Amino acid sequence: MTMLTVLFSAAIVTIIAVLTSLSSQKGTGIFAPPKLAGSRDVFPAAKVVNLTRASGPESVAFDPSGEGPYVGVSDGRVLKWRGESLGWSDFAHTSANREMCVRPFAPQLEHVCGRPLGLRFDEKTGDLYIADAYFGLMIVGPAGGLAKPLATEAEGQPFRFTNDLDIDEHEDVVYFTDTSTRFQRRQFLAAVLNVDETGRLMKYDRSSKKVTVLVRGIAFANGVALSKDRSFVLVAETTSCKILRLWLSGLKAGTQDVFAELPGFPDNIRRNSNGEFWVALHSKKGLLAKLSLSQAWFRDLLLRLPISGPRLHSLFTGGRPHATALKLSESGEVLEVLEDREGKRLRFISEVEEKDGKLWIGSVLMPFLGVYDL
């Protein structure tokens with residue numbers, strides 16, 4: 001590398017650092033989260049249900065009796081909401097090694113304590129299925145307690161970042177994702193910035209206990225949702241800001257296509273009773289994110305900035321915490337966009353679960369749930 005190249009790179013890095021710093025401080029500027037046409041800034045009116053000594057309620061689920069919600073949190077527990085008077089109680093955990101799992105947020109201990117992400121109840125048995133980022137696909141009975149593993153590898157490749165799931169009770173299978181074979185959950189931003197494409201969508205047959213890989217080469221395989229008629233399954237490809245569709249039946253069975261292209265980075269997908277899909281965006285895709293993912297030289301420069309992981313995350317997401325959720329039709333059309341553009345109440349959301357006229361909104365980072373009345 002010539003001295004001129006070194007000096008040029010240093011200058012670019014300095015300019016990026018200054019511009020992103022200004023955007024982060026003011027929440028505006030060329031790297032700020034983009035505005036979305038037709039969106040409604042309604043989430044500042046959402047209510048907040050605070051967690052007790054916990055954070056990161058990434059997924060939200062209600063049991064077959066309608067009780068809950070249940071949420072998986074950063075210290076490896078699954079909590080159950082028992083109403084305003086009783087608050088939160090412990091329901092389950094994914095690791096037997098709980099001695100060190102006392103801090104609400106300790107990413108360095110996730111591989112010990114576990115990190116439950118996607119949650120789904122079997123409506124017939126009341127069993128809770130858990131996608132634990134470190135321990136694989138797991139299950140715990142209706143009484144809770146210690147979850148047990150169902151699957152930890154496929155085709156000889158161990159799961160490294162189990163993420164989300166959905167259950168087809170008619171076919172007796174569980175669809176689930178492994179985000180990456182290279183990066184673990186606490187390295188999620190590195191997986192995105194390196195444009196890692198080792199994610200997989202898989203199927204667990206509950207009768208044979210066999211795991212089948214359905215789709216490979218996904219750039220950050222994330223949320224999973226089965227269609228109402230069970231003709232296709234959706235998977236969020238976070239890095240590309242797309243929702244992919246795998247056809248399960250009909251003339252297109254076994255083929256895949258792009259269900260929707262989104263203005264940001266999708267996390268979980270949840271179907272409502274009408275067959276529509278709510279998609280939570282971790283953040284919108286601003287200029288810095290676009291440049292990082294499309295230009296290798298810019299990405300390399302960004303990774304060389306002498307800043308912490310949280311700071312890099314802040315810059316990548318536009319320097320201003322915000323919340324964005326999209327409702328998609330059964331054919332992938334955008335029906336509604338709801339936001340908290342300035343992060344006044346909600347931010348970095350991971351899931352939107354619609355139940356009884358309310359949206360229950362999770363976040364992989366925040367110490368609370370959001371509740372919005374439709």
Side-chain angles (χ1 to χ4, degrees), residues 58-64 68-72 78 116-133 136-140 147 150-151 154 159 161-179 199-207 209-215 218 220-238 242-249 253-254 256 259-260 266-280 325-330 332 350-355 360 362 364:
E58 200 266 356
S59 186
V60 182
F62 292 86
D63 66 26
Y70 298 71
V71 299
V78 175
L117 296 177
L119 305 177
R120 299 277 194 171
F121 276 97
D122 184 309
E123 293 297 322
K124 296 178 182 177
T125 66
D127 292 332
L128 176 63
Y129 285 77
I130 305 169
D132 186 280
L137 181 64
M138 309 187 78
I139 187 172
V140 67
L150 295 174
F159 304 152
F161 187 168
T162 322
N163 199 315
D164 196 24
L165 72 149
D166 201 358
I167 303 171
D168 186 338
E169 296 182 10
H170 292 83
E171 296 296 326
D172 205 29
V173 298
V174 179
Y175 296 98
F176 68 105
T177 49
D178 185 31
T179 294
R200 298 177 289 177
L201 172 67
M202 291 164 286
K203 177 178 71 174
Y204 173 77
D205 188 303
R206 296 193 289 188
S207 298
K209 303 185 183 345
K210 179 183 177 182
V211 176
T212 303
V213 179
L214 301 175
V215 182
I218 302 173
F220 206 107
N222 206 326
V224 182
L226 190 66
S227 65
K228 188 174 183 178
D229 65 1
R230 301 172 17 254
S231 64
F232 62 84
V233 63
L234 301 180
V235 56
E237 185 174 54
T238 299
K242 295 177 181 178
I243 304 294
L244 308 180
R245 171 172 51 190
L246 174 66
W247 289 96
L248 302 173
S249 61
Q256 64 185 79
F259 182 72
D267 202 325
N268 289 347
I269 313 168
R270 291 296 181 266
R271 190 184 73 242
N272 66 14
S273 59
N274 297 323
E276 301 154 338
F277 301 95
W278 283 104
V279 180
L326 294 89
K327 184 166 73 171
L328 305 179
S329 72
E330 292 179 283
S350 54
E351 182 172 305
V352 177
E353 176 74 24
E354 183 177 339
K355 180 176 173 55
W360 292 81
V364 73

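Nothing here was measured: the structure is a model prediction, and the numbers come from that model.
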Subject >> Thr212 side chain near Leu214 side chain, heavy-atom distance below 4.5 Å >> reply: yes
**OP:** Say whether Trp278 and Glu354, considering side chains only, have a donor N or O and an acceptor N or O under 3.5 Å apart.
**Re:** yes
Original post:
What distance do Phe277 atom CZ and Leu226 atom CG have between them, rounded to the nearest 0.5 Å?
Top reply: 8.0 Å
Subject >> Minimal non-hydrogen separation, Phe159 against Asp178, with atom names >> reply: CA-OD2, 3.5 Å
**OP:** Answer with yes or no whether the side chains of Asn222 and Thr238 bring together a donor and an acceptor at under 3.5 Å.
**Re:** yes
Original post:
Does Thr177 use its side chain to pair, donor to acceptor, with the backbone of Asp164 at less than 3.5 Å?
Top reply: yes
Original post:
In a check of side-chain contact (heavy atoms from CB on, under 4.5 Å) between Val173 and each of Val233, Asp205, Leu248, which one passes?
Top reply: Asp205
Subject >> Test log, rule ring-ring contact (aromatic ring centres under 6.0 Å, His included), inputs Tyr70 and Phe121 >> reply: CA-CA 10 Å; Tyr70 298 71; Phe121 276 97; 4.8 Å; yes
Original post:
Would Asn163 and Thr179 count as having a side-chain donor-acceptor pair, cut-off 3.5 Å?
Top reply: yes
Original post:
Are any of the side-chain nitrogens in Arg230 or Glu171 under 4.0 Å away from the carboxylate oxygens of its partner?
Top reply: yes
**OP:** Using a strict 4.0 Å threshold on nitrogen-to-oxygen distance, state whether Glu276 and Lys327 make a salt bridge.
**Re:** yes
**OP:** Would you please test Val352 and Val279 for side chain to side chain contact (heavy atoms under 4.5 Å, CB included) and show each step?
**Re:** CA-CA 7 Å; Val352 177; Val279 180; over 6 Å; no
**OP:** Please report the closest heavy-atom contact between Glu330 and Phe232, naming both atoms and the distance.
**Re:** O-CZ, 3.6 Å
Original post:
Could you give the distance from OG (Ser227) to CZ (Phe259), rounded to the nearest 0.5 Å?
Top reply: 8.5 Å
**OP:** Give the minimum heavy-atom separation between Glu123 and Phe62, together with the two atoms involved.
**Re:** OE2-O, 4.5 Å
Original post:
Can you find a heavy atom in the side chain of Ile243 that is under 4.5 Å from one in the side chain of Val235?
Top reply: no
Subject >> SB check Asp172 Arg206 (cutoff 4.0 Å) >> reply: yes
Original post:
Quick one: do the Arg120 and Tyr175 side chains pair a donor with an acceptor below 3.5 Å?
Top reply: no
Original post:
Which distance, rounded to the nearest 0.5 Å, do you find between the CG of Asp166 and the CZ of Arg271?
Top reply: 6.5 Å
**OP:** Among Leu117, Leu119, Ile139, Leu165, find the one that has a side-chain contact (heavy atoms from CB on, under 4.5 Å) with Ile130.
**Re:** Leu119
Original post:
Atom CG in Asp127, atom CG in Asp63: separation rounded to 0.5 Å?
Top reply: 11.5 Å
**OP:** Would you check if the distance from the ring center of Tyr129 to the ring center of Tyr204 is below 6.0 Å?
**Re:** no
Original post:
Passes salt bridge (charged side-chain N to carboxylate O under 4.0 Å, His left out), Glu351 versus Arg270? Steps please.
Top reply: CA-CA 7 Å; Glu351 182 172 305; Arg270 291 296 181 266; 3.0 Å; yes
Original post:
Where do Asn268 and Ser350 land on the side-chain hydrogen bond (donor to acceptor under 3.5 Å, both in side chains) test, with the steps shown first?
Top reply: CA-CA 6 Å; Asn268 289 347; Ser350 54; 5.3 Å; no
Original post:
Looking only at heavy atoms, what is the nearest atom pair of Gly126 and Pro64, with distance?
Top reply: CA-CG, 3.8 Å
Subject >> Separation between CZ of Arg245 and CD of Gln256, rounded to the nearest 0.5 Å >> reply: 11.0 Å
Original post:
Would you find a donor on one side and an acceptor on the other, under 3.5 Å apart, between the side chain of Lys228 and the backbone of Ser273?
Top reply: yes
Original post:
Any idea which heavy atoms bring Leu201 and Ile218 closest together, and the distance?
Top reply: N-CD1, 3.9 Å
**OP:** Please round to the nearest 0.5 Å and tell me the distance separating atom CG of Leu244 and atom CD of Glu237.
**Re:** 4.5 Å
